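Here the structure is laid out as structure tokens; the discussion comes afterwards.
Each chain gets a letter, A, B and so on, in the order the sequences are listed, and its residues count up from 1. Model, not experiment: these values are computed from the prediction.
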Number of protein chains: 4
Amino acid sequence: MTAGPEAVRAARGEWRRSQIVDAATALLSTQGYHQMSVNDLAQEAGISVGTVYQYVKNKEDILLLVMRDILEAYRHNVPRAMEGFDDPLDRLSSGFGAYCRVVDSRRAGTILAYRESSTLAKDALSEMKSLEEETTGLLVTCLRECVEAGILHEHDSDTLAWDLTMLAHMWSLKHWHFGSRMSIDEYARLQFAVVVSAIIHQEVTTRYEYLARPLHRLR
Amino acid sequence: MTAGPEAVRAARGEWRRSQIVDAATALLSTQGYHQMSVNDLAQEAGISVGTVYQYVKNKEDILLLVMRDILEAYRHNVPRAMEGFDDPLDRLSSGFGAYCRVVDSRRAGTILAYRESSTLAKDALSEMKSLEEETTGLLVTCLRECVEAGILHEHDSDTLAWDLTMLAHMWSLKHWHFGSRMSIDEYARLQFAVVVSAIIHQEVTTRYEYLARPLHRLR
Amino acid sequence: MTAGPEAVRAARGEWRRSQIVDAATALLSTQGYHQMSVNDLAQEAGISVGTVYQYVKNKEDILLLVMRDILEAYRHNVPRAMEGFDDPLDRLSSGFGAYCRVVDSRRAGTILAYRESSTLAKDALSEMKSLEEETTGLLVTCLRECVEAGILHEHDSDTLAWDLTMLAHMWSLKHWHFGSRMSIDEYARLQFAVVVSAIIHQEVTTRYEYLARPLHRLR
Amino acid sequence: MTAGPEAVRAARGEWRRSQIVDAATALLSTQGYHQMSVNDLAQEAGISVGTVYQYVKNKEDILLLVMRDILEAYRHNVPRAMEGFDDPLDRLSSGFGAYCRVVDSRRAGTILAYRESSTLAKDALSEMKSLEEETTGLLVTCLRECVEAGILHEHDSDTLAWDLTMLAHMWSLKHWHFGSRMSIDEYARLQFAVVVSAIIHQEVTTRYEYLARPLHRLR
DNA sequence: GATGAATGAGTTTTCATTCAT
DNA sequence: GATGAATGAAAACTCATTCAT
């Protein structure tokens, strides 16, 4: 069962592109996008400039590849982590935890997304935004379900979903502060508790203590 | 009482530098630091390139000037807003509000700080970090005082202070989302409530309802 | 009578080279030599770059092939058109007509010869020049025969032969002007009349009216 | 009477641009446009690349400058040479002579116009064409006046004007042939005679023998 | 002190050519 | 013989910085 030549080509393309993404991520974490020359990138990736341009349209395309890689990781891991939970707050917690773990696994890339999104052309930027909104949308939905289930108070779900997202990103953005003080799982649990305890119904706090235990009892 | 020639020089320097900061801020809000050429900047400022370089060592120096301008605004406005309150939670609320208003008044600059910090040289970067920590430190102190006063539960004050800072910055970072939905004052009040209601003592909620009213009653 | 393997190889070579010339001619008519990449050429020819380089030393070689193709067409068609005429002016007219028709059939190539001759290396250039002089030489000879036959006045045959050549090329070079106004045969007849009527003996004008009818009676 | 700073700037611009045109003409006469790198050009002109780009938008702009220089020379010299003649055939002769002398003075540029016109963008090309047509138009008008004055037979003035133009250009295009055999003035007289004697009225040939002496009596 | 023309190192991108499969 | 991915030298162009006026 031999694969056709297009399959081979596609596979090589994937491989090359991942080489490029890896090298770019490595370089971009220590320097800015503008500081990184394509020649440097090629060297880091162990290939020639010409080869880079065989798999990438522009330098901007490299950025796009890196950012798409992160956003795709969200899009893949977050929904998967939310499957199989009947309780909406459990679901939310699991989703947020997954989100944080993706952030942790691509810290450089997350920072990049903040730093360089203005570099992207109009349509690339809106592609990125809609990918981001897709994942945030899952959190919004889940928050609404918690309200319907009587777990959380009526509130501005949009804002709180963005708060969760932002606090997850903060793990990257302020990693120089948090990295040495706690693990990503502790961080996720802590920040989840901050947001949720602000809106949880008094009556169910005990039931969900394992998720959103009052902060003063977390440690 | 004539000022010496050095005083004249210093004053002119101040003036020129503020011209430069203003022009840079204007340009940087629509384009990145790397997209902004020093020629553009000079034109925007209405002076010549040569003059720019008379008051600035580098292009990086311009960035530094702009960022320092913001951080100085924090350093000046936040403490001033915290003066004259006996109650530590009132003080915290007022400080956070001031912080948010500075963020609002220099939205472009705030984004800049995230985008371009990697551009800065080592020592410039740590100067910026220590300026930022100085202001965050005020919030940390205040949170501790709230704990001592029995208003807030014992908690990780560092983390929560950074949460407050981060959520303030979020007004800039996600302004495309929030800008059209609420005013900066509503935003400040909302986010303050989120963080504080997570750790406020049950017994004092009523007393501080004007500050940290449960979210479901905020609107 | 089986052909030896070298014969097979030579035949394949011919075929490949003609593929290349055809593709090159097609591309060169819409874009310049420098704008045409060897990859484009290979694609147009339906073969791979590697194969192109198996039958061609350089990119310049491709240019040479195309130009040689035109000059060979002159070398082949012009003498053939001049065969079988007793009268030297008839012969000249037929030769010039054939020359014009070759120009018309390879308009792109003719322009190319003007555009890109500076691209050719020294020896390639002189090869081209001597091929061109070979054909022009036929016209020179014929003009001289006309003089000997008492049809044309004594004149500078070299110059007039080049005039004829140049005016033939002009059909390509200014095709945007002439293309829509007359056919190639009308054009050939017109220009032939211009040159010949300048030197024809008064006494024979009537005899040759079918060839070099005074311009004012041409239409 | 001091000139304003804009005047100074404009003058410098003129000077720089003429430096660039001169250097470009020199290089382009020995190599093609594509072979000429902007770095080479700058070196030849004795200035830096940066300076070149301060006075020129693109590399294509350089080509444009060179070609415009020639076409402007036609536009200036040809009408001037045609002034002050009552007789239209005298006028035509003088205009053609001037045209040929411009060709001679910018031989490299004339070849360039043939070689590189396809390199120009659409609108630049049509600017060039209309400049060329402007000058050719003068010849067309003059030919028509000769017809009206009963000097020349009714004929296709457009075609003959282009023939004159083409034959003038030929002095550049085939200079390797003609350059060593005659002067530009002899050449102009010869080619003028070729074209005109094809259409001159029998009755006036004697009158204009100084202009269009039958070719067999030219030498 | 102010100006802005000049500089040239450095960046992105292309493409002729090679060579392992 | 045929393929086409890989190469890297070379080109156009930019822009931070300097310095003569």
Side-chain angles (χ1 to χ4, degrees), chain A residues 5 8-9 12-13 15-16 34-43 45-62, chain B residues 5 8-9 12-13 16 33-43 45-62, chain C residues 5 8-9 12-13 16 33-43 46-62, chain D residues 5 8-9 12-13 15-16 33-43 45-62:
Chain A
V8 172
R9 201 170 329 173
R12 180 167 25 217
W15 169 54
R16 286 300 197 191
H34 293 278
Q35 273 79 54
M36 177 192 82
S37 82
V38 179
N39 276 289
D40 292 350
L41 171 71
Q43 186 150 53
I47 57 183
S48 70
V49 224
T51 303
V52 172
Y53 276 93
Q54 206 132 37
Y55 296 96
V56 140
K57 220 170 67 257
N58 315 344
K59 191 181 173 188
E60 192 191 313
D61 227 30
I62 298 170
Chain B
V8 173
R9 200 172 320 154
R12 181 165 33 215
R16 287 300 198 192
Y33 167 76
H34 292 277
Q35 274 76 52
M36 178 192 79
S37 80
V38 179
N39 270 290
D40 291 351
L41 172 73
Q43 183 150 53
I47 56 181
S48 72
V49 228
T51 303
V52 171
Y53 274 88
Q54 205 124 37
Y55 296 97
V56 140
K57 211 170 78 255
N58 278 337
K59 191 181 173 188
E60 194 192 309
D61 229 29
I62 299 170
Chain C
V8 172
R9 199 172 322 154
R12 180 165 35 213
R16 287 300 199 192
Y33 167 77
H34 292 277
Q35 273 76 53
M36 177 192 81
S37 80
V38 179
N39 270 289
D40 291 350
L41 171 73
Q43 183 150 52
I47 57 182
S48 72
V49 228
T51 303
V52 171
Y53 274 89
Q54 205 123 36
Y55 296 98
V56 140
K57 211 170 79 259
N58 279 337
K59 192 183 172 187
E60 193 192 310
D61 229 29
I62 298 171
Chain D
V8 173
R9 201 169 330 173
R12 182 168 24 220
W15 170 53
R16 287 300 198 193
Y33 169 76
H34 292 279
Q35 273 79 53
M36 177 191 81
S37 82
V38 179
N39 276 288
D40 292 349
L41 171 71
Q43 185 149 53
I47 56 181
S48 72
V49 225
T51 302
V52 172
Y53 276 94
Q54 206 133 37
Y55 296 96
V56 140
K57 221 171 67 255
N58 307 340
K59 192 181 172 187
E60 193 192 311
D61 228 29
I62 299 171

Once you round it to whole Å, what is the distance between [atom2] of [N] and [atom1] of [X]?
| X | N | atom1 | atom2 | value |
| --- | --- | --- | --- | --- |
| B:Glu60 | F:dT17 | CD | C1' | 15 Å |
| B:Gln54 | E:dA2 | CD | P | 6 Å |
| A:His34 | F:dA16 | NE2 | C1' | 15 Å |
| C:Lys57 | E:dT18 | NZ | P | 11 Å |
| D:Asp61 | F:dT14 | CG | C1' | 16 Å |
| D:Arg12 | F:dA20 | CZ | P | 15 Å |
| A:Tyr55 | E:dT13 | OH | P | 18 Å |
| C:Leu41 | E:dA16 | CG | C1' | 12 Å |

Could you spell out the base pairing of DNA chain F as a dot-bracket line? Use Watson-Crick and G-U wobble contacts where both distances are under 3.5 Å, [ ] for crossing pairs, | for partners on a different strand. .||||||||||||||||||||
Using heavy-atom distances to pick each residue's nearest nucleotide on DNA chain E, tell me which of B:Arg9 and C:Gln35 is more 5'. B:Arg9
Using only side-chain N and O atoms of A:Arg16, determine if any of them is under 4.0 Å from OP1 or OP2 of F:dA5. no
Look at all strands and tell whether [X] reaches a base, only sugar-phosphate, or nothing, counting heavy atoms closer than 4.0 Å.
| X | answer |
| --- | --- |
| B:Val49 | base |
| D:Thr51 | base |
| B:Asn58 | sugar-phosphate |

Specify the closest pair of heavy atoms between A:Asp40 and A:Gln35, including all atoms of both residues, with the distance to one decimal. OD2-O, 4.3 Å
Using heavy atoms to find the nearest nucleotide of DNA chain F for C:Ser48 and B:Tyr33 separately, return the residue whose nucleotide is more 5′. C:Ser48
Whichever of C:Gly50 and B:Val38 has the more 5' nearest nucleotide on DNA chain F, that residue is C:Gly50
Please set out all donor-acceptor pairs under 3.5 angstrom arising from side-chain atoms of residues 50-59 of chain C, sequence neighbours excluded.
from, atom 1, to, atom 2, distance (Å)
C:Thr51, OG1, C:Ser48, OG, 3.0
C:Lys59, NZ, C:Tyr33, O, 3.0
C:Lys59, NZ, C:Met36, O, 2.8

Consider the side chain of A:Tyr53, meaning its heavy atoms from C-beta on, and name the nucleotide among F:dA16, F:dC13, E:dT14 that approaches it most closely. E:dT14
Of the listed nucleotides F:dT17, F:dA11, E:dC15, the one nearest the side chain of C:Ser37: E:dC15
